[in-house]
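This chain uses plain numbering: 1 for the first residue, then up along the sequence.
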Amino acid sequence: MKGRLWRFAIGAPCLALMAGSALIATGGSASALTTVSCGAVVTSSITLANDVGPCTHSDGIDITTSGITVNLNGHTITGGSTTNTTTHEYIGVQLLNVNNVTLTGPGTITNFDAGVNVQGGSANVIKRITAHDNIAHVLITGGVPGTNGNPESNPCNFGDGITTDFSSHNVITNNATYHNGPFSGISLVDTSTYNLVQYNVVTNQTVSNIEQTDNTTPGPCGPFGANIVGQGRPHQDVGIRLEGPGAAHNLVTDNTSTDNQLEGIAVFDNICPGALPPPVPPNGTPPNAWNTIQNNKTLRNGAADGTDGIAVLSQGPAGTVCIASHTTIQNNVSNNNARAGIWMGGRGSNSNVIAGNTTDNNGAYGIYVSGPSGGTHPLPGSTNNVIHSNTAVGNPTDDAFDGNPGCDANHWFGDFFTIVNQPCIH
């Protein structure tokens with residue numbers, strides 16, 4: 001399993017405001033310059049008058065009132081490399097259950113566990129933010145003692161540039177994220193629906209999970225948030241991640257995602273309802289579906305694990321992991337990635353559309369559609385898909401590959417390929 005299918009499966013992010021450290025910022029209109037300090041609780045529109053931080057034991061700013069604008073005004077909000085990883089994870093700017101808030105730059109957020117977190121609420125705008133080197137501090141410190149099922153004893157919920165959790169109808173636009181981790185530049189987690197991710201530059205998410213390289217050393221970011229032997233992962237970082245469970249009806253368009261450890265853009269499978277026993281809640285409803293990925297450039301991704309430019313992932317054991325489906329991938333340029341330009345995972349992922357893409361000079365495949373797996377418990381391939389009007393050249397294994405015998409119910413037409421694996425790919 002690559003990625004962090006289990007990230008919020010146990011325990012929500014810590015939302016506690018730091019008592020005694022918060023400065024109530026009531027600066028009036030967004031044009032009024034306001035000086036704030038670490039842990040500020042912002043309740044009205046402000047324009048920052050100063051850099052904030054280093055914030056070693058608090059968030060940078062927490063926004064708790066709807067309908068306001070926070071303008072970073074060219075300033076930097078900085079975390080501290082000695083953050084107390086045993087109790088809390090800290091965020092540069094948190095939007096806490098608010099609606100219609102605008103967080104705007106230019107401005108930089110760096111050195112927190114995550115740069116920006118939209119927690120609940122809806123219809124917020126995050127724009128013109130540079131989020132870099134926001135790294136789960138448990139990785140920096142080498143891990144802290146953990147107990148299975150107790151994420152606060154070894155927190156790994158964050159590790160992103162910009163992330164949403166249980167939040168919908170947000171606009172994330174014109175931002176730049178680089179060298180965040182170990183998870184993503186931009187991620188949509190849990191029931192994050194109808195979000196627009198547009199015009200962002202996401203590059204060089206290359207932060208390794210520094211432990212667990214030999215299956216005997218405990219990894220600090222194992223799938224259950226605990227220090228479990230054999231469950232840390234050496235590589236995690238995806239450029240733009242639709243994780244869920246319940247990441248649906250999102251539009252990812254006109255972004256550039258390059259040079260990330262894993263996929264440039266990935267739609268994850270998610271945990272099936274009731275699949276895991278306590279203390280892990282039965283997450284997984286609704287599935288990740290009806291997402292659209294269009295007009296993006298995904299270049300040179302996947303070098304760490306030999307992965308792809310754009311992928312709908314199939315991962316984890318049958319009965320535990322449910323498939324993502326009804327994904328539209330159209331009019332993207334996905335070239336020079338380590339394995340495939342576009343990878344459509346199996347396990348029955350269905351009703352996807354792959355149309356009008358260019359997938360050239362990738363490490364193995366232009367477009368890959370997974371077939372069924374054999375063995376004692378066979379799994380279906382990816383079927384009932386429509387693949388048309390794509391172009392792929394210069395891919396050394398196949399420009400187009402369908403692992404289903406006779407392409408099953410997949411319909412290929414109007415494409416331009418040089419090398420294909422079976423004649424049903426027209």
Side-chain angles (χ1 to χ4, degrees), residues 242 247-253 263-270 286-298 307-315 318 321-335 337 339-374 378-426:
L242 284 69
H249 298 281
N250 299 290
L251 175 58
V252 179
T253 183
E263 291 82 6
I265 301 172
V267 181
F268 279 57
D269 297 335
N270 54 264
N288 300 336
W290 303 105
N291 295 293
T292 297
I293 300 168
Q294 68 180 25
N295 300 328
N296 303 283
K297 290 183 179 179
T298 54
T307 50
D308 317 295
I310 299 171
V312 177
L313 297 176
S314 60
Q315 56 183 31
V321 177
C322 293
I323 54 92
S325 64
H326 295 87
T327 303
T328 296
I329 303 173
Q330 63 186 11
N331 301 328
N332 302 281
V333 175
S334 191
N335 298 341
N337 299 287
R339 180 174 60 177
I342 296 173
W343 179 277
M344 181 58 62
R347 194 182 279 104
S349 180
N350 63 84
S351 305
N352 304 290
V353 175
I354 303 174
N357 302 282
T358 298
T359 57
D360 297 343
N361 301 310
N362 296 285
Y365 304 98
I367 298 174
Y368 182 102
V369 178
S370 296
S373 63
L379 296 171
S382 182
T383 62
N384 293 291
N385 303 300
V386 175
I387 307 102
H388 72 89
S389 306
N390 302 283
T391 299
V393 297
N395 300 285
T397 304
D398 289 297
D399 291 326
F401 176 95
D402 194 323
N404 299 279
C407 295
D408 199 339
N410 294 321
H411 186 30
W412 298 75
F413 65 94
D415 302 289
F416 179 83
F417 304 132
T418 301
I419 306 172
V420 300
N421 76 314
Q422 53 178 325
C424 55
I425 302 175
H426 297 296

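- Ring pair Phe401/Tyr368 is parallel by interplanar angle, where below 30° counts as parallel and above 60° as perpendicular.
- Legend: residues meeting side chain to side chain contact (heavy atoms under 4.5 Å, CB included) with Ser389, ordered by chain and number and at least two apart, are absent.
- Taking all atoms of both residues into account, the shortest heavy-atom contact from Gln422 to Asn404 is NE2-O, 2.9 Å.
- Although no hydrogens or angles enter the test, the distance criterion places a donor-acceptor pair under 3.5 Å between the side chain of Asn390 and the main chain of Asn357.
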| Step by step, would you call Tyr365 with Asp398 a side chain to side chain contact (heavy atoms under 4.5 Å, CB included)? | CA-CA 5 Å; Tyr365 304 98; Asp398 289 297; 3.9 Å; yes
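- Taking all atoms of both residues into account, the shortest heavy-atom contact from Thr397 to Ile419 is O-CG2, 3.6 Å.
- Expressed to the nearest 0.5 Å, how far NE2 of His249 lies from CH2 of Trp290 amounts to 7.0 Å.
- When every heavy atom of Gly403 is checked against every heavy atom of Pro372, the shortest pair comes out as O-CD, 3.6 Å.
- Residues Ile367 and Asp415 fail the side-chain proximity criterion, which asks for heavy atoms closer than 4.5 Å.
- In this structure, CD1 in Ile329 is found 13.0 Å from CH2 in Trp343, a value given to the nearest 0.5 Å.
- Taking the side chain to side chain donor-acceptor pair (under 3.5 Å) definition, one finds that Asn335 meets it with nothing, sequence neighbours left out.
- In this structure, the side chains of Asn296 and Val252 come closer than 4.5 Å at one or more pairs of heavy atoms.
- Side-chain N or O atoms of Asn395 include one that pairs as donor or acceptor with a backbone N or O of Thr359 at under 3.5 Å.
- Looking at heavy atoms from C-beta onward, Ile387 lies out of side-chain contact with Met344 at the 4.5 angstrom threshold.
- Shortest non-hydrogen contact noted between Ala324 and Val267 is CB-CG1, 3.9 Å.
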| task | Please assess Asn337 against Asp308 for the test side chain to side chain contact (heavy atoms under 4.5 Å, CB included), listing each intermediate value before the final yes or no. | result | CA-CA 6 Å; Asn337 299 287; Asp308 317 295; 5.6 Å; no
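- Atom OG1 in Thr292 sits 6.0 Å away from atom CG in Leu251 (nearest 0.5 Å).
- Going from atom CD1 of Ile354 over to atom CH2 of Trp412 covers 6.5 Å, rounded to the nearest 0.5 Å.
- Nearest heavy atom pair, residue Ala247 against residue Asn288, reads N-OD1, 2.9 Å.
- The CD atom of Glu263 sits 13.0 Å away from the CD1 atom of Ile342 when rounded to the nearest 0.5 Å.
- Asn291 contributes a side-chain N or O that, together with a main-chain N or O of Asn250, makes up a donor-acceptor pair within less than 3.5 Å.
- Residues satisfying the side chain to side chain donor-acceptor pair (under 3.5 Å) test with Ser349, not counting sequence neighbours, are Asn352.
- Of the residues Thr383, Asn350, Asp402, the one that meets the side-chain hydrogen bond (donor to acceptor under 3.5 Å, both in side chains) test with Asn410 is Asp402.
- For the atom pair CG (Asp399) and CG (Asn361), the distance works out to 9.0 Å, reported to the nearest 0.5 Å.
- Minimum interatomic distance between Ser334 and Gly309 (heavy atoms only, all atoms of both residues): OG-CA, 3.4 Å.
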